[in-house]
Peer 1: 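Pasting a structure here, questions to come.
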Amino acid sequence: MDDRERREQVRAAALIAAAIARIGTGTSPADLMSEAAQYTGWITRPPAMMLLSIATEGDPEMPLTVDSANAVAILSFTDDKNDAVAAPAGALATATSDTPAVMTVGASAAGADANGVATITFPLSEVTAGTATLSVAVTDANGNPLLGPDGVTPIPAPAPVLVTVTPGAPAAEVFTVPGN
């Protein structure tokens, strides 16, 4: 099927959807065509995007990783024995992308690792193919540097992570119109 045929099928499906939405209302053909144009975005989807990470290890006390399958960044904490531990009480974390035209980062949310140890996650949204550096700033509840268990030693921020956004496989059609 070539692009012209695909466009015609999408146009026909949009017109059918508009006609069904307005059945019995006496809507003019011109108004149906106008409404059908609004449905084409629902019928077609842009190519799927996939995140791949080229991760650099962060500080061992606060590693930052990217889960490309679930499109989230994960901030976890470890103790001096490199065992996973929950974030210090009151820790606030903010993640940023240095290139929001490629990837944006959402607000932090509570998460957990495979063993149930608390982590902090950040949803990632792909915008276009390219690279972006993901960084995280962590403070205590008052905006002060996050301190270790001794209450004196600052916990260093995790190293930034370089993320490459590459196009994935094209998305499947939502539906097609038989015939033609």
Side-chain angles (χ1 to χ4, degrees), residues 17 37-175:
Q38 298 173 27
Y39 294 132
T40 58
W42 296 346
I43 296 170
T44 59
R45 292 188 279 182
M49 297 298 280
M50 177 177 61
L51 284 179
L52 297 176
S53 67
I54 303 170
T56 57
E57 272 303 308
D59 183 273
E61 290 185 6
M62 203 174 354
L64 177 64
T65 57
V66 174
D67 176 353
S68 62
N70 296 308
V72 293
I74 304 165
L75 180 64
S76 55
F77 293 79
T78 57
D79 63 14
D80 58 349
K81 296 174 187 68
N82 209 27
D83 293 324
V85 295
L92 300 175
T94 305
T96 56
S97 166
D98 73 339
T99 315
V102 171
M103 178 185 72
T104 60
V105 184
S108 64
D113 68 12
N115 295 316
V117 177
T119 62
I120 300 173
T121 63
F122 304 92
L124 304 175
S125 297
E126 312 87 353
V127 178
T128 189
T131 59
T133 300
L134 179 65
S135 300
V136 174
V138 183
T139 63
D140 68 13
N142 298 318
N144 299 315
L146 198 58
L147 301 177
D150 64 6
V152 177
T153 308
I155 298 175
V161 174
L162 179 65
V163 178
T164 302
V165 177
T166 57
E173 293 177 324
V174 177
F175 66 91

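Side-chain atoms are counted along with the backbone in the values below, which use heavy atoms only and exclude waters and symmetry mates. Heads up: numbering here begins at 1 and tracks the sequence. Keep in mind that this is a model prediction, so the values were computed, not measured.
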Peer 1: So which heavy atom on Ala86 is nearest to which on Val117, and how close?
Peer 2: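 Looking at all heavy atoms of both residues, the closest pair is N-CG1, 3.7 Å.
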Peer 1: Run the side-chain contact (heavy atoms from CB on, under 4.5 Å) test against Ala87 and tell me which residues pass, sequence neighbours left out.
Peer 2: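 Scan of Ala87 (side-chain contact (heavy atoms from CB on, under 4.5 Å), adjacent residues dropped) gives Phe77, Ala91, Ile120.
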Peer 1: Might you point out which heavy atoms bring Val102 and Gly130 nearest each other, and give the distance in Å?
Peer 2: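 Scanning both residues, the minimum pair turns out to be CG1-C, 3.6 Å.
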Peer 1: Who pairs with Thr119 by side-chain contact (heavy atoms from CB on, under 4.5 Å), at least two apart in sequence or on another chain?
Peer 2: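 If we apply the side-chain contact (heavy atoms from CB on, under 4.5 Å) test to Thr119, skipping adjacent residues, the hits are Ile74, Ser76, Asp113, Thr121.
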Peer 1: List the atom of Pro123, the atom of Ala107, and the distance in Å for their closest heavy-atom pair.
Peer 2: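 Scanning both residues, the minimum pair turns out to be CD-O, 3.3 Å.
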Peer 1: Atom CG in Leu92, atom OG in Ser108: separation rounded to 0.5 Å?
Peer 2: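 Reported to 0.5 Å precision, the distance equals 7.5 Å.
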Peer 1: If you compare all heavy atoms of Ala71 against all heavy atoms of Glu126, which two are closest, and at what distance to 0.1 Å?
Peer 2: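 Result for this residue pair: CB-OE2, 4.0 Å.
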Peer 1: Less than 4.5 Å apart, any side-chain heavy atom of Phe122 and any of Thr94?
Peer 2: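 The answer is no; the side chains never approach within 4.5 Å.
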Peer 1: Pairs of donor and acceptor atoms involving the side chains of residues 141-148, under 3.5 Å and at least two apart or interchain, shall be tabulated with distances.
Peer 2:
none

Peer 1: So which heavy atom on Leu75 is nearest to which on Ala93, and how close?
Peer 2: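 So the minimum-distance heavy-atom pair works out to CD2-CB, 4.0 Å.
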Peer 1: Of all residues at least two apart in sequence or in a different chain, which pass the side chain to side chain donor-acceptor pair (under 3.5 Å) check with Thr99?
Peer 2: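 Checked Thr99 against side chain to side chain donor-acceptor pair (under 3.5 Å); zero matches.
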Peer 1: Thr104: which residues meet the side-chain contact (heavy atoms from CB on, under 4.5 Å) condition with it, sequence neighbours left out?
Peer 2: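 Thr104: side-chain contact (heavy atoms from CB on, under 4.5 Å) contacts with Pro100, Ser125, Val127.
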Peer 1: Is the shortest side-chain heavy-atom distance between Leu124 and Leu134 below 4.5 Å?
Peer 2: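 When only atoms from C-beta onward are counted, Leu134 and Leu124 do touch, with a gap below 4.5 Å.
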Peer 1: Go through the structure and list residues passing side-chain contact (heavy atoms from CB on, under 4.5 Å) with Thr133, not counting sequence neighbours.
Peer 2: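 Per chain and number, Thr133 pairs via side-chain contact (heavy atoms from CB on, under 4.5 Å) with Asp98, Ser135, Pro160, Leu162.
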